[in-house]
Amino acid sequence: MSQSESKEPELMQKIVSLCKRRGFVFQSSEIYGGLRSAYDYGPMGVELKRNLMNEWWSAMVHTREDIVGLESSIIMHPQVWQSSGHLANFKDPLVDCLVCQERFRADKAPRREPGAPAPIELSDKGRAKLAQEKLAQAGHEGLTRDGKTLQGAVAGDRGYVCPNCGSPFLSPERDFSGMFRSNLGPVDPIKGVIDAVKRGVSEGADDKALRALAEDVLAKSAVYLRPETAQGMFVQFLNVQQSQSMKVPFGIAQMGKSFRNEITVEHFIFRSCEFEQMEMEYFCAPGEGPKYLEYWKDQRLSWWQSIGLTPERLRFRPHGPDELAHYSDGCFDIEYEFPWGWDELEGIASRTDYDLNAHAKGSGKKLHYFDAEAIDPETGKPGRHYVPHVVEPAAGATRGVLAVLCDAYAEEFDEQGQLSRVVLRLHPRLAPYKVAVLPLVKKDEQLVQRGREIVTRFAEAGIAARYDEQHTIGKRYARHDEIGTPYCLTVDAQTLEDGTVTIRYRDDRRQERIRVEDAVDVVNEALRQGRR
RNA sequence: GCGGGAGUAACUCAGUGGUAGAGUGCAACCUUGCCAAGGUUGACGUCGAGGGUUCGAAUCCCUUCUCCCGCUCCA
């Protein structure tokens, strides 16, 4: 028997297929043709995702005295996004190349001095010829063609060219906002626009002025779906700290949905417009950010390992100085080696006192912390006021689910090289069902009855168990291997004689005989140890 | 959004103008009883959607939606 570590591109397709077949993930609104970048979690998927998120909550909140939870609303006061800088910065200036149709971000395009030569290079001669004719028709004559290259164009005033073909012939920059906007309240915002137009405000206005007019009307009731859960925690910093008498350093943790109008969505549930986050803001004294950044780096990496991800497929990627946000003094990504390559699972950032300061300024409220035991460095007297600094581990729950699925998926082959089984080697605590209870023969009423009794024991103990009598024993094992059920208990004739059942382990299919009386304890202990 | 590939049964796919198929799965039964066993029977499709050409379209043409691979990214 051999193991497959298949890294082919079709691995993703196999996982997507299994997700649908076994009820982990379905495409949203499938019967209507599906919706781009939206996915539903089926009966198995919702269990897996909740188990993953519960593990996070347990590690971050329940097992720690210094972190408390929060669930803030998805729609917040629009000024939150004004203060946080999202309204101003969370958007990309998009430009279309008029020659090759490439769409790109203006701020990432190759720079050229205005007036500098800008040769245009197409992928082949034919395209170059077509582009030459098209440009000539548009009034850009005098370009000469040399093979697949057009010479004679010069860079324009905006100082960049198309990253694909080098063309300076570009559409205007259009802001692509990463935030979903809606309107709150009983007043129809469109009516406001119509009224404004009727009042004649738009008389003689050009496109830009018309847009500004419409924006102005919409802005009065505009609200946004949060693009991250973090701001809710900053905004409630004082309420949480004071109501729980938290002492710095302490953290606020939150799990929940966030929304981003992504330019491109990709890789199944990896990048989607609606996604779920697990974020924690750790507030510490000024100057302690770097220390806690190191601390949380290690904590978070070992957490991902603790839920079963292969250590060799996890790594840190430090952000370079050019990559850091202006307010950040250090940032690491935790990356996972997905079937398509290394990609981000979690970002751990030292954010200084930027966020609390921004909201203090925006709201006019003091977001200070008073430490009675510290000495004020300026006066030398006891008692110190300061704005805490923040270290933020922000993990993708949705991405976590995908990483866990990719890591767990395994194919086994027999001696002839034939696929013998597909097994999800999920960490037992993440598995949708912990236990399957199987009567060896479903026609034996006594076995069936005994099996159902055992399932009830597990239900009463709060362990997700499933009674299953369909088909033959082999098929039942195979089906539970595919959904990652770590333990199968089989009731057979011997059970009726001596009150024992076999427990069969998913990963290596070994079997042991245990007493029915001990079954719940055995499984509980196995789950605690993560035994496979 | 652009370029490339693909949409046919729950899944994987065959089917190039003439009555929609296979394997797996699913349901029932017989035999069997610890790793996708054998046998019998059965259900399932507006061939992604819409329009067009044609006596006739899964097949040819147009439009559209969705997915995958690249460009994109910072959960």
Side-chain angles (χ1 to χ4, degrees), chain A residues 9-10 12-14 16-18 20-23 27-38 92 94-97 100-105 108 123 127 162-165 171 174 176 178 227-230 255 257-260 262-272 275-279 317 319 323-325 328 331-335 340 343-349 392-400 402-403 414 418-422 438-444 447 470-482 488 490-494 502 504 506 509-511:
Chain A
E10 57 260 36
M12 271 306 287
Q13 286 175 37
K14 288 176 180 170
V16 171
S17 170
L18 184 141
K20 180 179 178 183
R21 188 158 36 89
R22 292 300 186 200
Q27 190 180 16
S28 164
S29 324
E30 194 188 70
I31 61 169
Y32 285 102
L35 181 68
R36 200 181 185 71
S37 168
D92 299 322
L94 291 186
V95 176
D96 290 312
C97 174
C100 72
Q101 312 302 336
E102 176 83 357
R103 171 167 292 179
F104 59 93
R105 286 178 54 175
K108 300 239 169 167
S123 54
R127 283 170 202 265
C162 171
N164 182 48
C165 72
S171 77
R174 289 170 299 118
F176 177 91
E228 60 176 26
T229 69
M255 312 187 294
K257 293 228 174 183
S258 293
F259 303 83
R260 293 183 189 178
E262 300 286 348
I263 302 171
T264 38
V265 295
E266 61 181 358
H267 297 136
F268 196 35
I269 56 175
F270 181 79
R271 173 173 288 116
S272 49
F275 61 102
E276 216 149 352
Q277 293 186 298
M278 306 184 292
E279 295 194 293
R317 192 184 66 81
H319 282 211
E323 217 179 338
L324 282 178
S328 178
C331 185
F332 289 86
D333 286 347
I334 294 177
E335 293 190 328
W340 63 87
D343 224 327
E344 184 183 4
L345 208 49
E346 173 160 359
I348 302 151
E392 173 195 84
T398 327
R399 289 181 177 187
L402 184 57
D414 60 21
Q418 294 295 307
L419 183 65
S420 65
R421 71 164 180 165
V422 169
L438 318 169
L440 189 58
V441 185
K442 81 171 166 188
K443 284 194 185 148
D444 189 328
L447 296 190
Q470 290 175 312
H471 294 291
T472 57
I473 189 72
K475 287 194 182 181
R476 288 180 234 157
Y477 286 147
R479 193 164 52 238
H480 280 285
D481 286 341
E482 268 201 346
C488 288
T490 300
V491 182
D492 58 14
Q494 192 183 334
T502 56
R504 179 256 196 194
R506 175 197 66 204
R509 309 196 240 195
R510 75 179 184 282
Q511 292 188 348

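Values in this document were obtained by computation on a predicted structure and should not be read as measured data. Chain identifiers are assigned alphabetically (A, B, ...) following the order of the sequence lines, protein sequences preceding nucleic acid strands; residue numbering begins at 1 within each chain.
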Of the options [options], whose atoms approach the side-chain atoms of [X] most closely?
| X | options | result |
| --- | --- | --- |
| A:Gln27 | B:rC34, B:rU66, B:rA75 | B:rU66 |
| A:Arg476 | B:rU12, B:rG33, B:rC73 | B:rG33 |
| A:Ala394 | B:rC26, B:rG70, B:rA75 | B:rA75 |
| A:Gln277 | B:rC34, B:rG70, B:rA75 | B:rA75 |
| A:Leu440 | B:rA75, B:rC34, B:rA36 | B:rC34 |
| A:Lys20 | B:rU12, B:rA36, B:rA10 | B:rA10 |
| A:Val422 | B:rC11, B:rA27, B:rA36 | B:rA36 |
| A:Phe268 | B:rC11, B:rC26, B:rC68 | B:rC68 |
| A:Lys443 | B:rC30, B:rA37, B:rC67 | B:rC30 |
| A:Tyr477 | B:rA75, B:rC73, B:rC35 | B:rC35 |

Using a cut-off of 4.0 Å on non-hydrogen atoms, how would the nucleic acid contact of [X] be classed: base, sugar-phosphate, or nothing?
| X | value |
| --- | --- |
| A:Ser272 | base |
| A:Arg271 | base |
| A:Leu345 | sugar-phosphate |
| A:His319 | base |
| A:Ser17 | sugar-phosphate |
| A:Thr229 | nothing |
| A:Ile473 | sugar-phosphate |

Distance between [atom1] atoms of [N] and [M] (Å, rounded):
| N | M | atom1 | answer |
| --- | --- | --- | --- |
| B:rC2 | B:rA37 | P | 48 Å |
| B:rA20 | B:rG38 | C1' | 30 Å |
| B:rA22 | B:rG42 | P | 13 Å |
| B:rA9 | B:rG23 | P | 16 Å |
| B:rG15 | B:rC69 | C1' | 26 Å |

Base [N] paired with [X] side chain (donor-acceptor, <3.5 Å):
| X | N | value |
| --- | --- | --- |
| A:Gln511 | B:rC34 | yes |
| A:Asp492 | B:rC34 | yes |
| A:Arg504 | B:rC35 | yes |
| A:Gln13 | B:rA6 | no |

Complementary nucleotide for [N] - Watson-Crick or wobble, under 3.5 Å:
| N | value |
| --- | --- |
| B:rG25 | none |
| B:rA36 | none |
| B:rC67 | B:rG5 |
| B:rA43 | none |
| B:rU72 | none |

Roughly, in whole Å, what's the span from [atom1] in [X] to [atom2] in [N]?
| X | N | atom1 | atom2 | result |
| --- | --- | --- | --- | --- |
| A:Lys442 | B:rG33 | NZ | P | 16 Å |
| A:Glu482 | B:rC11 | CD | C1' | 10 Å |
| A:His471 | B:rC35 | NE2 | P | 17 Å |
| A:Trp340 | B:rG70 | CH2 | P | 10 Å |
| A:His267 | B:rC67 | NE2 | P | 13 Å |
| A:Met12 | B:rC67 | CE | C1' | 11 Å |

Say you draw a straight line from [atom1] of [X] to [atom2] of [Y]; how long is it, rounded to the nearest 0.5 Å?
| X | Y | atom1 | atom2 | answer |
| --- | --- | --- | --- | --- |
| A:Leu402 | A:Met12 | CG | CE | 5.0 Å |
| A:Thr472 | A:Leu438 | OG1 | CG | 10.5 Å |
| A:Asp492 | A:Thr502 | CG | OG1 | 6.0 Å |

Side-chain touch A:Met255/A:Thr229, heavy atoms, less than 4.5 angstrom: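 Sidechains of A:Thr229 and A:Met255: no contact.
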Any donor-acceptor N/O pair, A:Arg476 side chain to A:His471 backbone, under 3.5 Å: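 Judged by distance alone, yes, a pair lies under 3.5 Å.
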Ring-face cation contact, A:Tyr477 with A:Arg504, 6.0 Å cut, 45° max: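 Geometry flag: set, cation within 6.0 Å and 45°.
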Nearest atoms (heavy-atom pairs only) where A:Gln277 meets A:Pro227: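 Looks like OE1-O, 4.3 Å.
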